[in-house]
Amino acid sequence: RKEFVDLYVNYVFNESVKKPFEDFRRGFSRGCPTKKWKMFLPGELQTVLEGHMNCDWHWLEKNVKYINYQKSDQTIKNFWNVFHRLPEEKKKMFLAFLSGSDRIPATGLEYFVFYITDPKMEDPDIYYPFTSTCSLILSLPR
């Protein structure tokens with residue numbers, strides 16, 4: 001029985017996935033040469049590829065740059081007041097709205113810079129906030 005179980009476990013976890021894994025590894029290695037990845041421990045590599053799960057959200061506020069706004073403007077004060085009251089899940093949803101990912105970059109939020117701009121709409125009450133995810137710009141109508 002022990003031999004049967006050992007052979008079955010080996011088949012399920014090794015042999016049955018050998019070809020698909022090898023195909024994945026070969027394709028991944030084309031875009032990301034494995035020599036460079038060997039310097040990371042598995043947890044570090046996961047962080048580099050996926051980003052951080054938890055963070056200090058106050059860094060986000062510290063690193064923002066304002067365009068057509070001042071930090072002292074009431075719209076900005078209201079924005080940060082509401083943001084800091086959000087539950088963790090909603091903050092990550094905002095990050096996904098802003099950047100396209102709900103994960104914190106591997107470098108951490110202390111190096112994550114984004115912009116809040118006033119799009120100067122004629123009637124700002126009829127517009128929603130919108131973003132340019134590639135440029136990390138949040139357009140926040142007054």
Side-chain angles (χ1 to χ4, degrees), residues 1-121 124-142:
R1 282 189 225 158
K2 181 183 179 335
E3 182 182 2
F4 174 79
V5 170
D6 289 344
L7 289 171
Y8 183 75
V9 168
N10 182 55
Y11 173 77
V12 169
F13 290 112
N14 296 314
E15 299 301 321
S16 69
V17 295
K18 190 180 245 178
K19 177 155 179 18
F21 180 77
E22 186 56 35
D23 293 343
F24 167 78
R25 189 195 61 74
R26 193 175 25 259
F28 184 81
S29 295
R30 278 189 198 154
C32 303
T34 54
K35 285 192 289 187
K36 305 223 189 282
W37 297 109
K38 288 183 180 181
M39 70 178 153
F40 295 108
L41 295 172
E44 294 171 330
L45 182 58
Q46 183 176 5
T47 300
V48 168
L49 294 174
E50 294 180 353
H52 292 283
M53 295 289 290
N54 302 317
C55 69
D56 176 1
W57 292 103
H58 291 281
W59 278 107
L60 195 65
E61 182 178 1
K62 290 177 185 176
N63 289 344
V64 69
K65 307 259 189 243
Y66 299 104
I67 302 170
N68 300 323
Y69 271 124
Q70 299 295 319
K71 188 176 183 172
S72 58
D73 289 340
Q74 192 60 46
T75 303
I76 297 301
K77 287 180 182 179
N78 291 342
F79 172 81
W80 288 115
N81 187 26
V82 169
F83 178 82
H84 289 301
R85 290 181 182 185
L86 292 173
E88 189 76 11
E89 175 188 327
K90 296 287 185 181
K91 288 177 182 174
K92 287 185 177 188
M93 288 174 74
F94 169 76
L95 189 63
F97 175 67
L98 174 66
S99 68
S101 173
D102 66 347
R103 299 287 181 108
I104 309 308
T107 55
L109 278 182
E110 45 279 22
Y111 300 102
F112 183 83
V113 177
F114 80 101
Y115 302 87
I116 296 179
T117 184
D118 178 1
K120 302 265 185 182
M121 304 291 189
D125 289 335
I126 63 171
Y127 293 96
Y128 291 114
F130 57 96
T131 63
S132 172
T133 55
C134 294
S135 305
L136 297 174
I137 297 173
L138 171 65
S139 295
L140 185 65
R142 292 181 186 266

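Worth saying up front: this structure is predicted, and the values here are computed from it rather than measured.
- Residue-environment remark: CD (Gln74) exceeds the threshold of 12 foreign heavy atoms within 6.0 Å.
- Contact of the Leu95 side chain with the Phe112 side chain is registered, since non-hydrogen atoms from C-beta on lie closer than 4.5 Å.
- Nearest heavy atoms, Ile76 versus Ile116: CD1-CG2, 3.8 Å.
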### Verdict with reasoning, Asp118 to Tyr66, per side-chain contact (heavy atoms from CB on, under 4.5 Å)
CA-CA 9 Å; Asp118 178 1; Tyr66 299 104; over 6 Å; no
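- The aromatic rings of Tyr8 and Phe4 sit parallel, their planes meeting at an angle under 30°, below the 60° perpendicular limit.
- Other residues, nucleotides and ligands contribute only 12 or fewer heavy atoms inside 6.0 Å of the CE atom of Met93.
- For the residue pair Val113 and Asn63, the shortest heavy atom distance occurs at CG1-O, 3.4 Å.
- Between the NE2 atom of His84 and the NZ atom of Lys91 there is a distance of 6.5 Å, given to the nearest 0.5 Å.
- Between Pro141 and Tyr69, the shortest heavy-atom distance links the atoms C-OH, 3.7 Å.
- By the salt bridge (Lys or Arg N to Asp or Glu O under 4.0 Å) test, Arg1 is found to be paired with no residue, residues two or more places apart in sequence or in another chain being considered.
- Heavy-atom minimum distance, Leu140 versus Pro129: CD1-CG, 3.8 Å.
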Would you list the atom pairs, donor with acceptor, under 3.5 Å between side chains in residues 20-31 and any protein atom, with sequence neighbours excluded?
unit_1 : atom_1 : unit_2 : atom_2 : d
Glu22  : OE1    : Arg25  : NE     : 3.4
Glu22  : OE2    : Arg25  : NE     : 3.3
Glu22  : OE2    : Arg25  : NH2    : 2.4
Asp23  : OD1    : Lys19  : NZ     : 3.3
Asp23  : OD1    : Arg26  : NH2    : 2.8
Asp23  : OD2    : Lys19  : NZ     : 2.9
Ser29  : OG     : Arg25  : O      : 2.8

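- For the pair Tyr115 and Ser135, the tightest heavy-atom approach, listed with the atom from each and the gap, is CD1-O, 4.0 Å.
- Looking at Thr131, its side chain does come within 3.5 Å of a backbone N or O of Phe97 through a donor-acceptor pair.
- The two atoms that bring Gly100 and Thr133 nearest to each other are N-CG2, 4.0 Å, heavy atoms only.
- Under the 4.5 Å side-chain criterion, counting only non-hydrogen atoms from C-beta, Trp80 is in contact with Val64.
- Each salt bridge (Lys or Arg N to Asp or Glu O under 4.0 Å) pair with one or both residues in residues 8-18, not counting sequence neighbours, appears once here: Glu15-Lys18.
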### Full working for side-chain contact (heavy atoms from CB on, under 4.5 Å) between Phe94 and Leu60
CA-CA 11 Å; Phe94 169 76; Leu60 195 65; 4.2 Å; yes
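- The aromatic rings of Phe79 and Phe83 lie parallel to each other, with less than 30° between the two planes, well short of the 60° mark.
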